[in-house]
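Below is one structure, written out as structure tokens; comments come after it.
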Amino acid sequence: MPVQVQLRRGTTAQWSTANPTLASGEVGVDISLTKFKVGNGSTAWNSLGYATLTFQGAYAGGTTYYPNDVATYNGSTYVCILQSTGNLPTNTTYWSVLASKGTDGEVTLSTAQTLTNKTISASNNTLTGPDGTNQVGYLNAPQNSQSGSTYTLVLGDGGDHVYFTGGSTATLTVPTNSSVAFPTGTTILVLNNNSGNLTISGAGVTFQLANGTTGNRTVATKGMASLLKVATDTWWVTGPGVT
């Protein structure tokens, strides 16, 4: 959780009545005027002038800083209380902490965040792109389990793994781009846990094997095929047990 820092504060009337003497570098906030004063250890509140901060950016050792100059250092923000050159903001003689660095935490991606110019949604440990497919490579490859003898890919299978189990032989059909417009670059994994071979087919679709041959592909039992769409109706198919 982030660290919350609260400064000494009160209304104009409360400060005027109490009229305290702030310690050197101590900050007091007038919540009625939304102004503040920085103590010097000797002057009472009513005699102190309200401070005006001048932000100087990241601390630089060769820069001369004057009271009410603000600089950042190692994730925290400091205000100068005594003219200083070469004294780190952690030196309390010259600096006072305005805001301390919080604890590092997790970044949670919410629905419809924008990442590298693509609108994506986060749900159940997956990221879904604007085309409705899971974006493989971000978190995981969700499972689409199939126990039947035939299955035709749908747009939502992009980035998933299709797991055939519980049967003998089966056929996976890859539709043409005119039927299901998978974006170029879509990756789909196919695992065959059937007792017999799995056939990858698709009329009008070219399946390219690593050795240069094309045609339907066979995935042996316990084999796995990676399908990568490289053109409108062309998919590269490779993996252990693929022929």
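Owing to the predicted nature of the structure, the values given are computational and were not obtained by experimental measurement.
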Going by heavy atoms in the side chains, are [X] and [Y] under 4.5 Å from each other?
{"X": "K229", "Y": "N177", "answer": "yes"}
{"X": "V219", "Y": "N197", "answer": "no"}
{"X": "N193", "Y": "F164", "answer": "no"}
{"X": "L209", "Y": "T214", "answer": "no"}
{"X": "T221", "Y": "S195", "answer": "no"}

- Item | Worked verdict on N192 versus K222 for side-chain hydrogen bond (donor to acceptor under 3.5 Å, both in side chains) | CA-CA 5 Å; N192 182 20; K222 307 301 183 184; over 6 Å; no
- Query: With sequence neighbours excluded, what pairs up with T152 under the side-chain contact (heavy atoms from CB on, under 4.5 Å) test?
  - Reply: T173, P175
- Task: Not counting sequence neighbours, which residues clear side-chain contact (heavy atoms from CB on, under 4.5 Å) with N144? List them please.
- Result: Q146, Y151, D157, V162
To the nearest 0.5 angstrom, please state how far the [atom1] atom of [X] sits from the [atom2] atom of [Y].
{"X": "R9", "Y": "F36", "atom1": "CZ", "atom2": "CZ", "result": "16.0 Å"}
{"X": "N194", "Y": "T169", "atom1": "CG", "atom2": "OG1", "result": "7.5 Å"}
{"X": "L153", "Y": "L172", "atom1": "CG", "atom2": "CG", "result": "4.5 Å"}
{"X": "I188", "Y": "L227", "atom1": "CD1", "atom2": "CG", "result": "6.5 Å"}
{"X": "N216", "Y": "I200", "atom1": "CG", "atom2": "CD1", "result": "9.0 Å"}

- Which pairs pass salt bridge (charged side-chain N to carboxylate O under 4.0 Å, His left out) with one or both residues in residues 196-217, sequence neighbours excluded? none
- Note on the structure: So the salt bridge (charged side-chain N to carboxylate O under 4.0 Å, His left out) pairs with at least one residue in residues 68-77 (sequence neighbours excluded) are none
Taking only residues two or more places apart in sequence or in another chain, which ones pass side-chain hydrogen bond (donor to acceptor under 3.5 Å, both in side chains) with [X]?
{"X": "N46", "result": "N19"}
{"X": "S226", "result": "none"}
{"X": "T64", "result": "T85"}
{"X": "S168", "result": "none"}

- V242 and L228: same hydrophobic cluster, using ILVMFWY side-chain contacts below 4.5 Å? no
- Show which residues join L191 in its hydrophobic cluster (side-chain heavy-atom contacts under 4.5 Å, direct or indirect), or state none. Y163, L189, M224
Sequence neighbours left out, cut at 3.5 Å: what donor-acceptor pairs do the side chains of residues 21-31 make with other protein atoms?
| from | atom 1 | to | atom 2 | distance (Å) |
| --- | --- | --- | --- | --- |
| E26 | OE1 | A23 | N | 2.9 |
| E26 | OE2 | R8 | NH1 | 3.1 |
| D30 | OD1 | T12 | N | 3.4 |
| D30 | OD1 | T12 | OG1 | 2.9 |
| D30 | OD1 | S32 | N | 2.9 |
| D30 | OD1 | L33 | N | 3.2 |
| D30 | OD2 | T12 | OG1 | 2.8 |
| D30 | OD2 | Y50 | OH | 2.7 |

- Query: Going through the distances and angles, do Y65 and Y59 end up as a ring-ring contact (aromatic ring centres under 6.0 Å, His included)?
  - Reply: CA-CA 9 Å; Y65 294 93; Y59 172 79; 5.6 Å; yes
- In short, side-chain hydrogen bond (donor to acceptor under 3.5 Å, both in side chains) pairs touching residues 232-243 with sequence neighbours left out are none
Expected list for residues 73-84: side-chain donor-acceptor pairs under 3.5 angstrom, two or more places apart:
| from | atom 1 | to | atom 2 | distance (Å) |
| --- | --- | --- | --- | --- |
| S76 | OG | K101 | N | 2.9 |
| S84 | OG | N87 | ND2 | 3.0 |

- Task: Locate the shortest heavy-atom distance separating G148 from A170; write the atom from each residue and the value.
- Result: O-CB, 4.0 Å
- Message: Restricting to non-hydrogen atoms, name the atom on W15 and the atom on P20 that form the minimum distance, rounded to 0.1 Å.
- Response: CZ3-CG, 3.5 Å
- Task: Give a yes or no on whether the backbone of P183 and the side-chain of T186 come within a donor-acceptor separation of less than 3.5 Å.
- Result: yes
- Task: Output yes when a side-chain donor or acceptor of H161 lies under 3.5 Å from a complementary backbone atom of V190, and no otherwise.
- Result: no
- Evaluate the side chain to side chain contact (heavy atoms under 4.5 Å, CB included) criterion for residues T165 and S145: first the C-alpha distance (whole Å), next the side-chain angles of each, then the deciding distance (0.1 Å), finally the verdict. CA-CA 7 Å; T165 183; S145 182; 3.9 Å; yes
- Would you sort out whether N40 and L48 count as a side chain to side chain contact (heavy atoms under 4.5 Å, CB included), showing the intermediate values? CA-CA 9 Å; N40 57 17; L48 278 177; 4.2 Å; yes
- Begin with the C-alpha distance, continue with both residues' side-chain angles, and end with the deciding distance and a verdict on side-chain hydrogen bond (donor to acceptor under 3.5 Å, both in side chains) for T176 and S178. CA-CA 5 Å; T176 59; S178 61; 3.0 Å; yes
- Verify side chain to side chain contact (heavy atoms under 4.5 Å, CB included) between S201 and T171, making sure each step is shown before the conclusion. CA-CA 7 Å; S201 66; T171 299; 3.6 Å; yes
- side chain to side chain contact (heavy atoms under 4.5 Å, CB included) evaluation trace for Y94 with L88: CA-CA 8 Å; Y94 299 91; L88 291 175; over 6 Å; no
